[in-house]
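Working notes, structure below.
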There are 2 protein chains.
Amino acid sequence: MVDKMIPDIVVGRLPRYLQALEHLLNEGIQTTSSQELGDLIGISAAQIRKDLSQYGEFGKQGRGYSIPFLVEQLHNILNVNRTWEMVLVGAGNLGHAIANYQGFMEHGFHIAMIFDNDPERIGTLIGDIEVQPESMLVDLTRRHGIKVAMITVPASAAQAVADELVLAGVLAILNYSPITLIVPDNVNVQYIDPIIHLQRMTYYLD
Amino acid sequence: MVDKMIPDIVVGRLPRYLQALEHLLNEGIQTTSSQELGDLIGISAAQIRKDLSQYGEFGKQGRGYSIPFLVEQLHNILNVNRTWEMVLVGAGNLGHAIANYQGFMEHGFHIAMIFDNDPERIGTLIGDIEVQPESMLVDLTRRHGIKVAMITVPASAAQAVADELVLAGVLAILNYSPITLIVPDNVNVQYIDPIIHLQRMTYYLD
DNA sequence: ATATGTGAAATCTTTCACAGCG
DNA sequence: CGCTGTGAAAGATTTCACATAT
């Protein structure tokens with residue numbers, strides 16, 4: 001059932017299903033239906049069933065889905081049944097906030113190293129991690145086999161950082177800086193930019 | 001040409017066009033083509049032309065687009081040819097980082113007020129803004145006619161905050177907390193959740 | 001009685017390809 | 001000649017609706 005080229009748009013919804021299912025589980029709920037889950041996240045029941053059916057038959061007719069089982073399956077599908085080591089580049093305000101966010105650990109993402117090129121910041125501690133000079137990024141990242149990175153440097157520095165990350169073998173980049181990064185085809189980039197989201201909403205305001 | 005129910009998926013690309021165009025303008029470039037712009041952000045030239053043509057004829061055949069003119073048009077379309085006052089709810093680590101981010105001001109978004117319900121934080125200054133008690137959120141937000149809000153409180157508090165914002169007349173919410181918010185149809189919500197993005201990428205890693 | 005999984009239909013989105021203008 | 005704007009075609013995605021299993 002798997003790997004018959006499942007569209008990325010489907011993949012993009014799976015983490016949202018997982019998030020909602022984990023939320024239900026936290027409330028002690030053990031079973032749900034595509035209808036209930038859909039109401040919770042604003043997606044049609046048919047779409048949820050269709051999406052999940054790409055990967056297997058996880059439900060029981062007449063009864064719905066076992067949440068613990070479905071959560072486990074989604075962990076497997078999304079490759080988050082393990083810990084992912086990450087590097088964080090940029091130890092400014094945003095970098096600090098991200099480094100201190102507990103949610104990463106709770107979901108199996110661990111910040112292993114933090115880099116910056118500001119001498120004032122190098123050597124300082126964020127939590128229990130020492131900020132390292134950016135000159136060591138490529139070497140250390142490659143030596144640790146790290147595949148996931150987050151960029152929180154200013155826009156003017158972001159492409160150079162991305163180039164170094166690619167050189168170091170990183171394959172997934174979460175980019176908080178407000179520019180489009182140019183990377184090879186085998187490297188995945190996701191963007192977080194509040195301005196983009198705000199403008200998408202102001203469009204609909206008088 | 002406008003308002004023939006243009007799909008939201010088109011609206012969602014407009015801010016990215018604007019971002020790239022402003023970037024070109026910063027480099028002193030005055031003219032571009034759908035091809036060049038598309039190469040820059042990884043979108044086909046045909047799609048860019050089609051998207052823009054929903055709103056008017058902004059280009060010149062044989063010559064391409066005047067960047068200053070197109071930027072101005074996109075500002076009008078996205079309603080960002082003005083300043084939007086915003087409220088920020090949640091003065092923790094992330095709230096601080098966001099409150100200090102210069103990018104908002106540069107794009108016409110201004111944080112007018114910050115709220116929190118932690119007595120330790122109330123009364124403290126973030127930049128030049130004093131953190132106010134959440135009990136005053138509805139009243140102050142409504143009195144100032146503020147329509148845009150950002151939520152950076154823990155997931156457990158986010159829905160209650162959203163309810164208050166709706167009560168206060170807010171119509172656009174940028175939600176940094178990792179839950180789906182339930183709001184009336186006329187209220188727009190956008191989500192920023194790094195875990196969702198990371199899981200979407202780990203899917204593609206071995 | 002209830003809710004899944006799924007072909008088929010409907011809808012939406014993107015790409016093609018070219019007339020037409022500068 | 002180059003590049004836009006745009007109908008038409010192709011392709012992708014979502015919804016429908018129902019056979020099927022508990």
Side-chain angles (χ1 to χ4, degrees), chain A residues 1-18 20-21 24 29-74 77 200 203, chain B residues 1-18 20-21 24 29-74 77 200 203:
Chain A
M1 289 283 189
V2 183
D3 250 20
K4 206 209 230 174
M5 241 329 181
I6 293 157
D8 183 64
I9 198 165
V10 172
V11 176
R13 283 189 293 261
L14 301 180
R16 306 202 59 218
Y17 300 162
L18 180 56
L21 290 163
L24 288 172
I29 300 166
Q30 298 289 314
T31 292
T32 191
S33 64
S34 57
Q35 185 65 59
E36 181 182 50
L37 185 58
D39 289 348
L40 224 51
I41 58 180
I43 290 181
S44 80
Q47 178 149 85
I48 291 174
R49 293 202 302 279
K50 192 68 136 191
D51 286 352
L52 295 176
S53 76
Q54 304 277 317
Y55 298 96
E57 309 196 355
F58 302 134
K60 296 245 189 296
Q61 281 154 322
R63 309 199 164 283
Y65 300 90
S66 154
I67 298 178
F69 177 71
L70 189 49
V71 164
E72 190 195 342
Q73 295 303 311
L74 284 169
I77 292 166
R200 186 174 187 161
Y203 175 90
Chain B
M1 289 285 189
V2 183
D3 250 19
K4 207 210 229 176
M5 239 329 180
I6 293 158
D8 182 63
I9 198 165
V10 172
V11 175
R13 282 189 293 261
L14 301 180
R16 306 202 59 219
Y17 301 162
L18 179 55
L21 290 164
L24 288 171
I29 301 166
Q30 298 289 314
T31 293
T32 191
S33 64
S34 57
Q35 185 66 58
E36 181 183 50
L37 185 58
D39 289 348
L40 223 51
I41 57 179
I43 290 182
S44 79
Q47 179 149 84
I48 291 173
R49 293 201 303 278
K50 193 65 137 196
D51 286 352
L52 294 177
S53 76
Q54 304 276 316
Y55 297 96
E57 309 198 355
F58 303 133
K60 296 247 190 296
Q61 283 152 322
R63 311 201 162 281
Y65 300 90
S66 153
I67 297 178
F69 177 71
L70 188 49
V71 164
E72 190 195 342
Q73 295 304 310
L74 284 169
I77 292 166
R200 185 173 187 161
Y203 176 90

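Every chain is numbered from 1, with letters handed out A, B, ... down the list of sequences. Because the structure is predicted, anything quoted here is derived from the model rather than measured. What's counted below: heavy atoms across the whole structure, side chains too, no hydrogens, waters or symmetry copies.
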To the nearest 0.5 Å, how far apart are NZ in A:K60 and OG in A:S66? 8.0 Å

Does A:R200 have any salt bridge (charged side-chain N to carboxylate O under 4.0 Å, His left out) partners at least two apart in sequence or in another chain, and if so, which? B:D8

Distance, rounded to the nearest Å, where A:R49 contributes CZ and C:dG7 contributes C1': 13 Å

Atom NZ of A:K60 and atom C1' of C:dG5 are separated, to the nearest Å, by 13 Å

Reading nucleotides 9-14 of chain D from 5' to 3' and marking B where a protein heavy atom lies under 4.0 Å of the base, S where only the sugar-phosphate is that close, and - otherwise, the string is ----SS

Non-neighbouring partners of B:R16 that pass salt bridge (charged side-chain N to carboxylate O under 4.0 Å, His left out), sequence neighbours left out: none

Heavy-atom closest pair (B:Q47 atom, B:I43 atom, distance to 0.1 Å) is OE1-CG2, 3.7 Å

If you round to the nearest 0.5 Å, how far is CD1 of A:I48 from OG of A:S53? 12.0 Å

In this structure, how many angstroms lie between the C1' atom of D:dT6 and the CG atom of B:L52, rounded? 13 Å

Applied to residues 29-38 of chain B, the side chain to side chain donor-acceptor pair (under 3.5 Å) test, sequence neighbours excluded, yields B:T32-B:E36, B:S34-B:R49, B:Q35-B:D39

Test log, rule side chain to side chain contact (heavy atoms under 4.5 Å, CB included), inputs B:I77 and B:V11: CA-CA 9 Å; B:I77 292 166; B:V11 175; over 6 Å; no

Kindly state which residues belonging to residues 61-70 of chain A come within less than 4.0 angstrom of DNA chain C, counting heavy atoms of the residue only, listed by number. A:Q61, A:G62, A:R63, A:G64, A:Y65

Please report the distance, rounded to the nearest Å, between CD in A:Q54 and P in C:dT6. 9 Å

What is the separation between atom CD1 on B:I6 and atom P on C:dT13, rounded to the nearest whole Å? 12 Å

B:E57 CD to C:dG20 P, straight-line distance once rounded to whole Å: 14 Å

Closest non-hydrogen atom pair between B:A20 and B:I41, with its separation: CB-CG2, 3.7 Å

Option passing side chain to side chain contact (heavy atoms under 4.5 Å, CB included) with A:Y17 (candidates A:L40, A:V71, A:L52, A:L70): A:L52

Is there a side chain to side chain contact (heavy atoms under 4.5 Å, CB included) between A:L14 and A:Y55 once you walk through the steps? CA-CA 11 Å; A:L14 301 180; A:Y55 298 96; 3.7 Å; yes

For DNA chain D, which residues in residues 32-42 of chain A have a heavy atom at a distance below 4.0 Å? none

Spacing of A:Q73 atom CD relative to C:dG5 atom P, expressed in whole Å: 12 Å

